[in-house]
Amino acid sequence: MTEQLLNARSATAPLWRRSLRLLIWVSVGAYLGAAGYMTTFQRSFLYHPAPEWQAPGDHGLAGAERIEIPAADETRLVGWWLPPRQDDKPVFLYFQGNANGLARRAGRFGLLAQDGSGVLALSYRGYGGSGGAPSEAALHADARTILAELSRRVAPTRIVIFGESLGTGVALRLAAEAQVRGVILDSPYLSVMERARASYPWLPVSLLLADQFRSDQLIRQVDEPIFIFHGSEDRVIPVEDSAKLAALGKPGQITRKVYPGEPHVVPLDRGPMPDILGWLVANP
């Protein structure tokens with residue numbers, strides 16, 4: 001009987017080991033396949049463009065113009081230009097979030113321009129009539145080109161860089177390199193890399209992520225005043241991100257306000273607009 005049991009165990013052991021090896025290889029293959037998919041198509045997770053051009057006049061922005069600026073590599077960038085109606089008013093250089101196009105922000109632009117201020121907003125590559133495809137390097141290069149064009153129209157001391165969500169990373173890098181009047185950040189992240197780590201903890205994000213938007217490494221390089229605002233109920237970028245980001249800036253330079261009950265990208269007519277105007281008065 002003892003000999004029979006030993007023979008039975010020796011016969012089943014190889015099957016058990018083969019099953020375990022198969023399970024391990026299947027798991028490794030599934031992991032590598034998922035990681036490869038996420039790596040290959042990562043930009044489709046980050047950028048969600050509305051590629052069709054829409055005219056500003058179709059969205060109630062009287063006096064707004066179509067503007068076209070060639071990028072450094074000759075890619076065509078198109079957008080909306082609301083010229084300032086008063087020479088003493090600021091001009092907002094606006095960098096949008098990652099989803100949809102300028103038309104979704106038409107109401108925001110109208111509020112920013114209602115006191116005679118100007119607004120310039122260009123569609124990212126692949127968005128709203130602009131050519132090419134978005135990437136972090138391309139967006140930063142385009143931002144420099146756009147700022148150079150705007151600086152030929154108005155004095156840099158009147159330019160306020162405004163970043164929304166994804167655009168906060170574009171805004172901060174540009175502000176770290178240029179001299180402008182100030183910077184406004186709506187619903188900013190600490191970095192896209194940190195957001196990706198939180199969303200995909202099973203991936204080696206720092207090794208795979210191409211567009212990391214390291215705002216945490218940039219904010220200390222900005223010399224101009226910064227106004228940060230965030231909704232307490234933001235489910236896309238936790239409100240704690242903007243608190244951590246503000247703590248990394250230069251002391252006394254940053255004003256931060258949290259709006260209770262507000263979502264990701266706080267509607268300007270529910271508190272931020274008067275605060276923006278007050279911040280501008282305090283930082284002439």
Are Val180 and Leu172 linked, directly or through other ILVMFWY residues, by side chains that come within less than 4.5 angstrom of each other? no
Could you go through Val183 and Ile228, starting from their C-alpha distance and side-chain angles, then the distance that decides it, and tell me whether this counts as side-chain contact (heavy atoms from CB on, under 4.5 Å)? CA-CA 8 Å; Val183 184; Ile228 295 175; over 6 Å; no
Taking Asp88 first and then Arg158, would you say they form a salt bridge - that is, a charged N and a carboxylate O separated by under 4.0 Å? no
Closest non-hydrogen atom pair between Phe109 and Leu102, with its separation: CE1-O, 3.8 Å
Under 3.5 Å, is there a donor-acceptor pair between the side chain of Arg85 and the main chain of Gln114? yes
Do Tyr127 and Asn100 pair up side chain to side chain, a donor and an acceptor below 3.5 Å, judged on atom types alone? no
Work out which heavy atom in Ser165 is nearest to a heavy atom in Gly97; give both atom names and the distance. CB-CA, 4.1 Å
Would you say that Leu185 contacts Leu245 through its side chain, given a criterion of any heavy-atom pair below 4.5 Å between the two side chains? yes
Going only through I, L, V, M, F, W and Y residues with side-chain contacts under 4.5 Å, is there a path from Trp53 to Leu120? no
Taking all heavy atoms of Asp234 and all of Val236, pick out the closest pair and write down the distance. OD1-N, 2.7 Å
Are the side chains of Trp81 and Val119 in contact, using a 4.5 Å heavy-atom criterion? no
Would you call Glu149 and Arg153 a salt bridge, using N to O less than 4.0 angstrom? yes
Which heavy atom of Leu122 sits nearest a heavy atom of Gly79, and at what distance? CD1-N, 3.5 Å
Report yes or no: does Ser130 contribute a side-chain atom to a donor-acceptor pair with the main-chain N or O of Leu77 at less than 3.5 Å? no
Is there side-chain contact between Arg108 and Val265, with at least one heavy-atom pair below 4.5 Å? yes
Start with the C-alpha gap between Phe95 and His140, add the side-chain angles, then the distance that decides, and say whether ring-ring contact (aromatic ring centres under 6.0 Å, His included) holds. CA-CA 11 Å; Phe95 296 102; His140 290 320; 9.2 Å; no
Using the ring of Trp80 (Phe, Tyr or Trp, six-membered ring only), decide whether Arg105 places NZ or CZ under 6.0 Å from its centre and within 45 degrees of its axis. no
Between Arg256 and Ser242, do the side chains contain an N or O donor and an N or O acceptor separated by less than 3.5 Å? yes
Do Pro188 and Ile237 have side-chain heavy atoms sitting under 4.5 Å apart? no
Separation between CZ (Arg197) and CG (Leu190), nearest 0.5 Å, reads 10.0 Å
Exercise: do Tyr94 and Glu164 side chains pair donor with acceptor under 3.5 Å: yes
Using a strict cut-off of less than 4.0 Å between a Lys/Arg side-chain nitrogen and an Asp/Glu carboxylate oxygen, indicate whether Glu224 and Arg181 qualify as a salt bridge. no
Candidate pair Leu82 and Phe92, rule side-chain contact (heavy atoms from CB on, under 4.5 Å), full reasoning: CA-CA 10 Å; Leu82 286 79; Phe92 297 96; over 6 Å; no
Please determine whether residues Phe162 and Leu111 belong to a single hydrophobic cluster, defined as Ile, Leu, Val, Met, Phe, Trp and Tyr linked transitively by side-chain heavy-atom distances below 4.5 Å. yes
With distance as the sole test, does Asp142 use its side chain to make a donor-acceptor pair with the main-chain N or O of Ala71 at under 3.5 Å? no
What pairs of donor and acceptor atoms, side-chain ones from residues 270-284 against any protein atom, are under 3.5 angstrom apart with sequence neighbours left out?
{"residue": "Arg270", "atom": "NE", "partner": "Glu262", "partner atom": "OE1", "Å": "3.0"}
{"residue": "Arg270", "atom": "NE", "partner": "Glu262", "partner atom": "OE2", "Å": "3.0"}
{"residue": "Arg270", "atom": "NH2", "partner": "Glu262", "partner atom": "OE1", "Å": "2.8"}
{"residue": "Asp275", "atom": "OD2", "partner": "Lys257", "partner atom": "NZ", "Å": "3.1"}
{"residue": "Asp275", "atom": "OD2", "partner": "Tyr259", "partner atom": "OH", "Å": "2.5"}
{"residue": "Asn283", "atom": "ND2", "partner": "Trp279", "partner atom": "O", "Å": "2.9"}

With a 4.5 Å limit on heavy-atom distance, are the side chains of Leu147 and Ile159 in contact? yes
How about Lys89: does its NZ atom have over 12 heavy atoms from other parts shown lying under 6.0 Å from it? yes
Distance from Ser123 atom OG to Arg76 atom CZ, nearest 0.5 Å? 10.0 Å
Check step by step if side-chain contact (heavy atoms from CB on, under 4.5 Å) holds for Ile67 and Ile69. CA-CA 7 Å; Ile67 186 170; Ile69 298 174; 4.1 Å; yes
Check Pro90 against Val160 and note the closest heavy-atom contact, atom names and distance. CB-CG2, 4.0 Å
Linked, directly or transitively: Tyr124 and Val192 (ILVMFWY side chains, under 4.5 Å): yes
So CG of Asp216 and OG of Ser191: to nearest 0.5 Å the spacing works out to 5.0 Å
So, the side chain of Tyr189 versus the backbone of Gly169: is there a donor-acceptor pair under 3.5 Å, distance only? yes
Treating Glu136 as the side-chain partner and Phe213 as the backbone partner, does any N or O pair qualify as donor plus acceptor under 3.5 Å? yes
Here the gap from Glu240 atom CD to His230 atom NE2, rounded to the nearest 0.5 Å, amounts to 8.5 Å
Run the salt-bridge test on Arg195 and Asp241 with the 4.0 Å N-O cut-off and return the result as yes or no. yes
Using side-chain contact (heavy atoms from CB on, under 4.5 Å), reason through Ile146 and Leu93 one step at a time and then give a plain yes or no. CA-CA 9 Å; Ile146 296 164; Leu93 176 53; 3.6 Å; yes
Atom pair CD (Gln96) and CG (Leu166), whose distance is rounded to the nearest 0.5 Å: 8.5 Å
Taking the side chain as every heavy atom from C-beta outward, state whether Arg235 and His264 have any atom pair closer than 4.5 Å. no
I want to check something: taking the side chain as every heavy atom from C-beta on, are Ile254 and Ile219 in contact at a cut-off of under 4.5 Å? yes
Do any N or O atoms from the side chain of Gln253 and from the backbone of Val222 form a donor-acceptor pair under 3.5 angstrom? yes
Can you see which heavy atom on Pro49 is nearest to which on Gly126, and at what distance? CB-O, 3.4 Å
Could you measure the distance from the CD atom of Gln179 to the OG atom of Ser151? Nearest 0.5 Å is fine. 11.0 Å
